[in-house]
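Notes for the one structure printed next.
Residue numbers run from 1 in the order of the sequence given.
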Amino acid sequence: MLRIEQLEAALPAIRRWRAGSPRRVDWAALEGGLGTALPADFRALAEAYPVLVVDDFLVVSVPRPGAEASWASGAKEDEILHDLCEMGDTEAYVPFPQPGGLIGWAHSNSGDSFYWRTSPADPDAWPVVVRGVNGDWSEFPVGAVEFLAGVYGRTIDVPGMPRDFPSDDPKVWGLSDRID
């Protein structure tokens, strides 16, 4: 499993958004509400960084401290995924909490969705699944942090993404943790 520092090496612009101390996500509340543990690499990412927007394209949706129930609810009630499943457009992928179901952790401004497939039982072994806006599904045998490091380090190519993804010099914005 890749460490956050390896993502920072592949995507240096991310570093300016790193929290000075852990963000203190209430993992017990979030995972209790979700009904499953989440991968350790994603937990480390969420403790170090706020919601991230890369090149005004990719939004990495980490939970915000104090809004764990909202994140868990959104992950379980992914309307787009449920609609795709009802239309038979999921290539046998199913929404969580069904066995092996998908949990979303990122999306693009073009309509691409980034998930984990919750199988096998160990969250640290969950692969990343991408549904491109063009309807193509791709699965990668890596976790979220390794996937992001691979995309921005140009060792992972995601079919169906725009030609300019990722850009040569990705810009990163961190979104506030304020909950109003």
Test log, rule side-chain contact (heavy atoms from CB on, under 4.5 Å), inputs V51 and V59 = CA-CA 7 Å; V51 171; V59 179; 3.9 Å; yes
When rounded to the nearest 0.5 angstrom, what is the spacing between [atom1] in [X] and [atom2] in [Y]?
| X | Y | atom1 | atom2 | value |
| --- | --- | --- | --- | --- |
| E47 | S21 | CD | OG | 9.5 Å |
| K76 | H82 | NZ | NE2 | 10.0 Å |
| R64 | L30 | CZ | CG | 13.5 Å |
| L102 | S113 | CG | OG | 9.5 Å |

Show the nearest heavy-atom pair for residues [X] and [Y], with the distance to one decimal.
| X | Y | value |
| --- | --- | --- |
| P166 | V151 | CG-O, 3.4 Å |
| L34 | A75 | CD1-CB, 3.8 Å |
| L11 | P170 | CD1-CB, 3.6 Å |
| V53 | D56 | CG1-CA, 3.8 Å |
| P50 | G174 | CG-CA, 3.9 Å |
| A121 | P123 | O-CD, 3.2 Å |

Identify the residue among Y152, F165, F114 that makes a ring-ring contact (aromatic ring centres under 6.0 Å, His included) with F57.
->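 Exactly one pass, corresponding to F165.
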May I ask whether [X] and [Y] are part of the same hydrophobic cluster, defined by side-chain heavy atoms of I, L, V, M, F, W, Y residues being less than 4.5 angstrom apart, directly or through others?
| X | Y | answer |
| --- | --- | --- |
| V129 | V158 | no |
| L175 | V60 | yes |
| I4 | F42 | yes |
| V128 | V54 | yes |
| Y115 | M161 | no |

Using atom types as modelled and distance alone, determine if a side-chain donor or acceptor of [X] lies under 3.5 Å from a backbone N or O of [Y].
| X | Y | value |
| --- | --- | --- |
| T118 | G101 | yes |
| Q6 | E146 | no |
| E68 | D26 | yes |
| D136 | G160 | no |
| R131 | T90 | no |
| R43 | L38 | no |
| R23 | Y49 | yes |

Does R24 CZ have over 12 foreign heavy atoms under 6.0 Å away?
-> no
Can you tell if the side chain of V145 reaches within under 4.5 Å of the side chain of R3, non-hydrogen atoms only?
->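 SC-SC contact between V145 and R3 ruled out.
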Residues 137-144 side chain polar contacts: donor-acceptor under 3.5 Å, at least two apart:
from	atom 1	to	atom 2	distance (Å)
W137	NE1	D89	O	3.2
E139	OE1	Y93	OH	2.6
E139	OE1	R117	NE	3.3
E139	OE2	R117	NE	3.1
E139	OE2	R117	NH2	2.5

Pair D168 + R154, salt bridge at N-O below 4.0 Å =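 Looking at R154 together with D168, the answer is yes, because their closest N to O distance falls below 4.0 Å.
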Could you point out which residue of L58, I14, D41 forms a side-chain contact (heavy atoms from CB on, under 4.5 Å) with L148?
->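 That would be L58; it is the only one of L58, I14, D41 passing the side-chain contact (heavy atoms from CB on, under 4.5 Å) with L148.
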Sequence neighbours excluded - ring-ring contact (aromatic ring centres under 6.0 Å, His included) pairs with any residue from residues 7-29 |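 Residue pairs with at least one partner in residues 7-29: there are none.
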side-chain hydrogen bond (donor to acceptor under 3.5 Å, both in side chains) pairs touching residues 94-111, sequence neighbours excluded, are S108-D112
Compute the centroid of each ring, for W126 and then for F96, and state whether the two points are separated by less than 6.0 Å.
-> no
